[in-house]
Amino acid sequence: MKLPIVAVIGRPNVGKSTFVNRLAGDQQAIVHDEPGITRDRTYRPGFWLDRDFQIVDTGGLVFDDDTEFLPMIRQQAMAALVGASVAIFVVDGQLGLTEGDREIAAWLRRQTVPVLLAVNKCESVEQGLAQAAEFWELGLGEPYAISAIHGSGTGELLDELVTHLPPVDDLVEDDEIKVAIIGRPNVGKSSLLNALTGEQRSIVSPVSGTTRDAIDMIVQRGEQTYRLIDTAGIRRKKNVDYGAEFFSINRAFKAIRRSDVVLFVIDVLDGVTEQDLKLAGRIIDEGRAVILVINKWDTVEKDSDTIYEYKKEIMSRLYFMEWAQIIFVSAMTGQRVNKILDLVDTAAAAHRRRVTTSVINEVLEEAVSWHSPPTTRQGKQGRIYYGTQVSSQPPTIALFVNDPKRFNDNYRRYIDRQFRDQLGFIGTPVRLVWRGKKMRELERGANKATKVK
């Protein structure tokens, strides 16, 4: 369902991310005692009464400082208001009204989006009302005294918020595909996100580690909705200090887990590094569909054989991902970027596919007729009785056999390839569970024992 958007705006360090965590009911936004931790805008699900919505958290707004990332943060905050149903302006009740608050309020009054004023850090009920009263001066209506840490006052604010959301009947059902953009620092993940969305969605900078939060962006193409998740670059563990970067990397790992498809971005100039191999292992462990996006292709001198040579070299390192789709792109020039979502559609469909037991057994029967299971030195041959798909995302097929130990790695890979070739599992891992006769007998015995009890 395409949900209405609630934009959270305010100066640095007023508690916006803590407030967003409160609304979203979890701790995904990075909260750390350092101004400017949130640099991009991040989308999170929220819920109140009978209404679902998307919360967009933004970087701290400062209008009188052009240091480092601040102009880009202002751009992101302004973009967050586009399409928003309502904005929440968060201020610091303990610090009191500042000139920065006045500047932001003046800017918000020029926008067409309804604005609610949340006076945060009002932990004391009695003092909170007095702290909030000072902010009537901003001319944005009633200031709501809240405590993002304790949750006090947020109910009254959210009661007012839902009155500004569009009716439920106006919301459109869709089936979004969640796409995580993963890779080492500075391989071009944020540039790729900007190229995919056609706007400056993430802050792009030559400084490694600009992206700290896992950033969600909703993109519509035809009737299909995509949730693109940009993440922090993942460095080797020994190079990461505890703090903002540590939390960012944990968010990136969680982004892999909640995605359908991973765009695994690799710098063509660096090739597949040891860190890339570790990331690839993490993606496979999570069972995600994968597209290998080889970025910065515009920087390579090419002839008619170059792309094949590079592909061969990359896949020799990522041989355990031979099923993944691969595309060579340039996020900076846009070369082939428009083809990525087509590959995402294919991989997501395969990742979600369910196949009937009869079809699986037809594939098995043909596979065994062409290549019989191996025989042990003692003359005992493996036998496959039947197979059935037990789950999807990723597709998982249970194969019932006489003894799993009689099927070596080569034969298991052969069966895996047959399923891929015959059933179209393109771009997704396929998990095969080999279940022996003894295992089934033990399970039946356990079930009987349970019934007796």
Report, one line per pair, each donor and acceptor closer than 3.5 Å where one atom sits in a side chain of residues 343-353; sequence neighbours left out.
unit_1, atom_1, unit_2, atom_2, d
Asp345, OD1, Tyr226, OH, 2.7
Asp345, OD2, Arg221, NH2, 2.8
Asp345, OD2, Tyr226, OH, 3.2
Thr346, OG1, Asp342, O, 3.3
His351, NE2, Gly287, O, 2.8
Arg352, NH1, Asp175, OD2, 3.2
Arg352, NH2, Glu176, O, 3.1
Arg352, NH2, Asp260, OD2, 3.0
Arg353, NH1, Leu423, O, 3.1
Arg353, NH1, Gly424, O, 2.6

Return all side-chain donor-acceptor pairs below 3.5 angstrom for residues 114-122, not counting sequence neighbours, or 'none' if the list is empty.
unit_1, atom_1, unit_2, atom_2, d
Asn120, OD1, Ala148, N, 2.9
Asn120, ND2, Val14, O, 3.0
Lys121, NZ, Asn13, O, 3.2
Lys121, NZ, Asp92, OD2, 3.0

**Request:** Show your reasoning for whether side-chain contact (heavy atoms from CB on, under 4.5 Å) applies to Val261 and Ile291.
**Result:** CA-CA 7 Å; Val261 181; Ile291 296 166; 4.0 Å; yes

**Request:** Give the intermediate values and the outcome of side-chain hydrogen bond (donor to acceptor under 3.5 Å, both in side chains) for residues Thr98 and Asp101.
**Result:** CA-CA 5 Å; Thr98 69; Asp101 294 327; 3.1 Å; yes

**Prompt:** Does the pair Ile397 and Thr388 meet the rule for a side-chain contact (heavy atoms from CB on, under 4.5 Å), with working shown?
**Reply:** CA-CA 6 Å; Ile397 299 172; Thr388 185; over 6 Å; no

**Asked** Run the salt bridge (Lys or Arg N to Asp or Glu O under 4.0 Å) check on Lys312 and Glu309 step by step: do they pass?
**Response** CA-CA 5 Å; Lys312 182 178 179 181; Glu309 293 171 355; over 6 Å; no

**Message:** Determine whether Asn295 and Ile266 satisfy the following criterion, side-chain contact (heavy atoms from CB on, under 4.5 Å), listing intermediate values before the conclusion.
**Reply:** CA-CA 6 Å; Asn295 193 26; Ile266 294 173; over 6 Å; no

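The heavy-atom pair separating Gly93 from Phe135 by the smallest distance is CA-CE1, 4.3 Å. When every heavy atom of Val390 is checked against every heavy atom of Ala398, the shortest pair comes out as CG1-CB, 3.8 Å. What you find for Phe19 and Val90 is that their closest heavy atoms are CD2-CG2, 4.0 Å. Residues Ala7 and Ala84 approach most closely at CB-CB, 4.2 Å, considering heavy atoms. Of all heavy-atom pairs between Arg431 and Glu286, the closest is NH2-C, 3.8 Å. Pairing each heavy atom of Ser85 with each of Leu165, the nearest pair is CB-CD2, 4.1 Å.
In this structure, the side chain of Gln111 engages the main chain of Trp107 through a donor-acceptor pair within 3.5 Å. Proximity of a side-chain donor or acceptor of Arg420 to a complementary backbone N or O of Trp323 within less than 3.5 Å is not detected. Within the 3.5 Å criterion, the main-chain N or O of Arg184 finds a donor-acceptor partner in the side chain of Lys189. Judged by distance alone, with hydrogens and angles left aside, the side-chain atoms of Gln389 form a donor-acceptor pair with the main-chain N or O of Ser391 at under 3.5 Å. Distance alone, capped at 3.5 Å, places no donor-acceptor pair between the Ser392 side chain and the Pro395 backbone. Looking at Ser316, its side chain does come within 3.5 Å of a backbone N or O of Glu313 through a donor-acceptor pair. Without hydrogens or angle criteria, Thr197 side chain to Leu193 main chain gives a donor-acceptor distance under 3.5 Å. A donor-acceptor pair under 3.5 Å is formed between the side chain of Arg51 and the backbone N or O of Pro166. In terms of modelled atom types and a separation under 3.5 Å, the side chain of Ser259 and the main chain of Ile256 share a donor-acceptor contact.
With sequence neighbours excluded, no residue forms a side chain to side chain donor-acceptor pair (under 3.5 Å) with Arg282.
Atom NZ of Lys302 has more than 12 neighbouring heavy atoms from other residues, nucleotides or ligands inside a 6.0 Å radius. Within a 6.0 Å radius of CD in Gln127, no more than 12 heavy atoms belonging to other residues, nucleotides or ligands are found. Atom CD of Glu322 has 12 or fewer neighbouring heavy atoms from other residues, nucleotides or ligands inside a 6.0 Å radius. Remark: Ile327 CD1 is packed, more than 12 non-hydrogen atoms of other residues, nucleotides or ligands lying under 6.0 Å away.
Note that the CG atom of Leu432 and the CD1 atom of Ile415 stand 8.0 Å from one another [nearest 0.5 Å].
At a cut-off of 3.5 Å, with distance as the only test, no side-chain donor of Gln422 or Glu362 sits close to an acceptor on the other residue. Asp276 and Thr273 share a side-chain donor-acceptor pair at under 3.5 Å.
A salt bridge links Arg317 with Glu274; the closest basic N to acidic carboxylate O contact falls under 4.0 Å. Between Asp416 and Arg412 there is no salt bridge, since no side-chain nitrogen of the basic residue lies less than 4.0 Å from a carboxylate oxygen of the acidic one.
Ring planes of Phe328 and Tyr310: perpendicular class, angle over 60° (limits at 30 and 60°).
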